[in-house]
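Working notes, structure below.
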Amino acid sequence: MKSIGKPGEHQVFSTFFLFWVIIESQIGMGILQFQRKVVQVAHHDAWISVLITGGVIHVVVWFMIRTLAKYESADLYEIHQHALGKWIGNLLSILYMAYLLLLGTLVLRSYIEVVQTWLFPEIPTWLLSSSVLLLTVYGVLGGIRIIVGVCILSYLFSIALLFFLAYNLPYADWRSLSPVMEANFQELIIGAKQMAFTVVGFEIIYFVYPYLKEKKKAGRYTQMGVLYTTLIYCLVLVLSIAFFSEGQIKKTVWPSLSLFKIVQIPFLERFEYVTVSLWLLVIVPNLLLYLWAATRGMKKVFHWNQRRSVYLSAALVLAICLLLKTNLQIKFLGEWAGQLSLYLVFVYPVILYFIVLIRTRKQRKEVK
Amino acid sequence: MKRRIGAAGLSLFISATLVITGCAQQKILDKMGLSVVIGYDRVDKDRLLGTNVLHQFDPMASESVQIVASTAYTSKGTRDKSNLEMAKKAVSGQLRVTLYSEQLAKEGIINLVDTLARDPTIGARVFLAISKGRAHDILKHRYPEFGNIGTYMYQTISQNIEGESMISPTLHDFMHDYSSVGRDTILPYLEQRGKEGNELVISGAALFQQDRMVGVIPTKEVFYVKLLRDRFQAGSIEISIPREVLGKYMKVSQKKRGNDPIFLVLDTLSSSSTFKLVDKNRPQINTEIKITGRLQEVSEVVDLSKPEIIHKIEKAISQAMMNEGNKVIAKLQKLETDPIGFGEIYRSSVRHSNLTRDKWYEMYRDAKLNLKVEMTLVRTGVIE
């Protein structure tokens, strides 16, 4: 099937870079606070839940790539139009766009919440959110290749932070991890479900796929990226369980930042402040990817100028950010989005795959 | 052309925003009073006395610290009240030690510690300590030998932790143990001594039941708690062994000195321990500790070139440590406090134990906790 806006030669990027795009899309605000949600259900076996979620993602990604491979160069919006027809297809596309903007909003607002809690309690939300959004708009207007570049840069900066976690090792009590498999199967599955919202973001493959140079390799690099993030999440969680006691994790809002609290270098006593500031570099690729993907949809569905839709979606994100005033509201919206993501990212791609399968088979018969 | 202007305008706007972002509340060092130590005492039924030791940055000031005390119902309340009598605003980013009086600690201090953990400006490495008598008196006293009580107290504690004669009492450790099921906190116990109370000493360690202080053990016994709770990498200890162990190798003149024990000092101790839960119904935990060290001092002339003498000494030390260690464990059991973390061992080795604190204390009281020590002398210094 032919697609409308097939990207030109100067817009595509090497599939190899997809690895970092996937990592950066999956790692965002979630990694700062996911421990608590999973440990609450699966206790000290929470790391198994993370591995389960990782396994499920591999399967979902497989379905996604297979769906995309049915077409020559289409993104989710075009697939929707083709497989589900104009009305239902566009409706689902709009839902997906709204979801992407919601994710962007949550990332931004919860980052600002962290800044307000840890660094500057008196800084107004509008100031931070509008300045970060300006940066995002600027980046999105640069196009997908710029965004991929930002992803790689952000990875290089943030990966260095992992090494500082070694400061926690002297405080780690590995006994906290045993007895292994004390949680029952049900608890592990609920834990994995709790984990799901933290690691969403890989659905970005639905939108960047047309921009890949070698589309055959897309599956390989996406799976590698997903595996890498799962391992990072697992590492952070194992370290957190060893470092904190169980009761402590359950009460700590941002356990990962508290992990950095113990880091003390002679010229820098409070490392977590550096982490919070550096974290901007981690959330910017998130915002760029979500906003970019949403505006692609506006172009495909409403035939809007992408430039205008970037401004519009940034304004929308800003507006919702300003509406969220308290920590409780953010938490509520986060939980709601978590439920939504479970269906949109984990269940829906599998259904879509079968619909597409039927549609393309029918078409082939018609052609014959 | 139009596009270029747009980009320039955007970058101008971004840089302007960045400049505005710099306008968050400024924190100028000269206008801050940095709390180094804060002490808390109980005044009456529900009021606290908070004593704040602040760093002075004013080169003209006659004292390097300023001490401000005030009473309120909460710890942060005392800080706000203290601000009323200060030229500089008290901030707690450089807080190193919080000192709680024994009386306060016996009532439980979790509410006071919780606010520290809640405050992002306070580091996780702040030390907690317990004072014999009022914390206010310790902090308010003018010590002739050291000017700054704040940093002095911090260095005293941190030096002893690095030297492995104290157990790490950081805020993180406290919160960890408080919210765990099977381990209790242990904090340094500070005391004023000497003529007119001019010396500040760590005289032992305060034992806790969750957040409530239940007793004190002398520093000598802290060694055994540390041996069982952590592991040694570079510690040292003075230990005594009975004289008759080496009786046969001694000269007649030495034997005549009666039955005084022989004292040994061991250093660069390094230890490793294995715990084994033998019985889970009526908990029995067997602990084996392997410890190596260097003989640094002997209070008697002993020929250390003979392997059999070394072996005899090793055996005697192991025996002595075992006896002492078992005594300490029995004492802890009697006080119903578990700073070693036997509860954690129980929890991590029994599946579906659903251990809670109350359940553990119940079991802990009459658990059988056996200690076995195996000592190896690695070297005896540069002479034999």
Side-chain angles (χ1 to χ4, degrees), chain A residues 43-44 114-124 127-128 130-135 137-138 141-142 167-168 170-184 242-254 257-264 269-273 276 307, chain B residues 3 6-7 10-11 13-27 93-94 96 114 117-126 168 170-183 210 229-231 233 275 341 343-354 356-357:
Chain A
H43 310 289
H44 57 264
V114 171
V115 173
Q116 284 170 336
T117 316
W118 289 78
L119 300 185
F120 306 110
E122 67 282 339
I123 206 163
L127 189 63
L128 255 182
S130 55
S131 35
V132 175
L133 275 170
L134 265 177
L135 187 67
V137 168
Y138 182 59
L141 290 180
Y167 277 86
N168 295 296
Y171 289 86
D173 181 9
W174 302 108
R175 262 199 303 257
S176 307
L177 286 161
S178 52
V180 178
M181 286 296 283
E182 202 182 18
N184 61 35
F243 179 73
F244 299 109
S245 59
E246 204 181 305
Q248 215 176 353
I249 295 193
K250 285 179 187 164
K251 269 191 285 178
T252 312
V253 186
W254 293 283
L257 285 178
S258 298
L259 277 178
F260 282 113
K261 251 187 136 172
I262 214 83
V263 179
Q264 207 170 38
E269 281 182 5
R270 308 296 296 286
F271 195 77
E272 72 271 19
Y273 284 22
V276 171
R307 185 174 282 265
Chain B
R3 219 178 142 179
L10 195 62
S11 49
F13 203 82
I14 290 173
S15 45
T17 321
L18 287 179
V19 173
I20 298 166
T21 320
C23 296
Q25 195 182 48
Q26 285 179 326
K27 289 184 175 159
Q94 282 291 318
R96 303 291 178 166
D114 181 76
R118 198 173 288 283
D119 189 343
T121 64
I122 292 174
R125 287 188 191 232
V126 171
S168 169
T170 60
L171 177 58
H172 169 74
D173 288 301
F174 184 95
M175 290 310 284
H176 179 284
D177 293 343
Y178 174 78
S179 44
S180 77
V181 251
R183 200 166 84 171
Q210 243 183 333
R229 180 180 159 116
D230 299 336
R231 58 199 181 92
Q233 280 164 316
F275 297 90
E344 278 300 302
I345 293 155
Y346 183 87
R347 186 201 59 75
S348 65
S349 12
V350 180
R351 249 162 218 288
H352 306 295
S353 53
N354 290 327
T356 57
R357 253 177 198 269

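Just so we're on the same page: letters track the sequence lines, and every chain starts at 1.
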Less than 4.5 Å to any heavy atom of chain A: does that hold for the side chain of [X], its backbone, both, or neither?
| X | value |
| --- | --- |
| B/Val350 | backbone |
| B/Asp173 | side chain |
| B/Ile345 | both |

Among the options B/Ser168, B/Gly341, B/Ser180, B/Ala117, pick out the one with the most heavy-atom pairs lying under 4.5 Å from chain A.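 Of the candidates given, the most pairs with chain A belong to B/Ser180.
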- Message: If we define contacts as heavy-atom pairs under 4.5 Å, which of B/Arg351, B/Glu344, B/Met175 has the most with chain A?
- Response: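 Heavy-atom pairs under 4.5 Å are most numerous for B/Arg351.
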Portion of [X] that has a non-hydrogen atom of chain B nearer than 4.5 angstrom:
| X | value |
| --- | --- |
| A/Phe243 | both |
| A/Lys251 | side chain |
| A/Gln264 | both |

Which of the residues [options] is involved in the greatest number of heavy-atom pairs with chain B at under 4.5 angstrom?
| options | answer |
| --- | --- |
| A/Arg270, A/Met181, A/Lys261, A/Glu272 | A/Arg270 |
| A/Ala183, A/Gly247, A/Ser245 | A/Ser245 |
| A/Val180, A/Leu135, A/Ile249, A/Asn184 | A/Val180 |

What I'd like to find out is whether the side chain of [X] reaches to under 4.5 Å of the side chain of [Y], using heavy atoms alone.
| X | Y | answer |
| --- | --- | --- |
| A/Trp254 | A/Trp118 | yes |
| B/Arg347 | A/Arg175 | no |
| B/His172 | B/Arg125 | no |

(request) To the nearest 0.5 angstrom, please state how far the OH atom of B/Tyr178 sits from the CG atom of B/Leu171. (result)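 Between B/Tyr178 OH and B/Leu171 CG, I get 13.5 Å after rounding to 0.5 Å.
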Value for CZ (B/Phe174) from CG (B/Asp114), rounded to nearest 0.5 Å, stands at 10.0 Å
Exactly one candidate in A/Ser176, A/Ser178, A/Pro179 meets side-chain contact (heavy atoms from CB on, under 4.5 Å) with A/His44; the answer is A/Pro179
What do the steps show when you test B/Gln210 against B/Arg357 for side-chain contact (heavy atoms from CB on, under 4.5 Å), and what is the final call?
CA-CA 9 Å; B/Gln210 243 183 333; B/Arg357 253 177 198 269; 3.1 Å; yes
Working for side-chain contact (heavy atoms from CB on, under 4.5 Å), residues A/Ser258 and A/Phe244: CA-CA 10 Å; A/Ser258 298; A/Phe244 299 109; 3.7 Å; yes
